[in-house]
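Take a look at the structure below.
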Amino acid sequence: MSRYYVAYTDRAEQDLSGLSSQSRSVVKAAIERSIGNDPYGCGSSAIRGDKDRRSAAVSTVIIEYEVSASVLTVTVIHAQSW
């Protein structure tokens, strides 16, 4: 179980819908395992100097996400396959 709750915006869900259902499950599990447990680590980097707005490569996608540390939530905003 992740330390942070991982939520997906409609845009992120739409971005991931291009993957097969099996690939989507693998990617979401990887996101929850990595970003859900350590949103400031995992090779992520701040976007435009905002420590809570981040980008990271996870599995076969690059994601942009926002960390809401006060409520232990990570919201995936955008995902792009490489």
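R11 places a side-chain heavy atom less than 4.5 Å from the side chain of H78. Within the 4.5 Å cutoff, no side-chain heavy atoms of S23 are placed close to those of T60. Contact annotation: the side chain of S55 never approaches that of I63 to less than 4.5 Å [non-hydrogen atoms, C-beta and beyond]. Between S59 and I31, every side-chain heavy-atom pair lies at or beyond the 4.5 Å cut-off. Taking 4.5 Å as the limit, every side-chain heavy atom of I35 sits out of range of all side-chain heavy atoms of V6. Proximity of V67 to R54: side-chain heavy atoms (C-beta onward) are separated by under 4.5 Å at one or more points. A heavy-atom distance below 4.5 Å is not found between the side chains of V74 and E66. In this structure, the side chains of Y8 and T75 stay at 4.5 Å or more apart for every pair of heavy atoms.
A donor-acceptor pair is defined here as one N or O able to donate and one able to accept, closer than 3.5 Å; such a pair exists between the side chain of N37 and the backbone of R3. A donor-acceptor contact shorter than 3.5 Å links the side chain of S34 to the backbone of A30. Remark: side-chain polar atoms of T73 are paired, donor with acceptor, to backbone N or O of V71 under 3.5 angstrom. Under a 3.5 Å cut-off, the side chain of T9 and the backbone N or O of I77 do form a donor-acceptor pair. Without hydrogens or angle criteria, Y65 side chain to P39 main chain gives a donor-acceptor distance under 3.5 Å.
We find the CG-OG distance between L16 and S21 to be 12.5 Å, quoted to the nearest 0.5 Å.
The 12-atom threshold is not exceeded at CG of D10, counting heavy atoms of other residues, nucleotides or ligands nearer than 6.0 Å.
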Next on the checklist: Walk me through whether S81 and L19 qualify under side-chain contact (heavy atoms from CB on, under 4.5 Å).
Outcome noted: CA-CA 9 Å; S81 296; L19 302 172; 3.5 Å; yes
Next on the checklist: Before you tell me yes or no, could you show the steps for E64 and R53 under side-chain contact (heavy atoms from CB on, under 4.5 Å), namely the whole-Å CA-CA distance, both residues' side-chain angles and the distance that decides it to 0.1 Å?
Outcome noted: CA-CA 7 Å; E64 289 182 17; R53 181 92 178 208; 4.0 Å; yes
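Defined by atom type and a distance below 3.5 Å, a donor-acceptor pair is present between the side-chain atoms of Y40 and D52.
Between K28 and E13 there is a salt bridge, since at least one side-chain N of the basic residue sits less than 4.0 Å from a carboxylate O of the acidic one.
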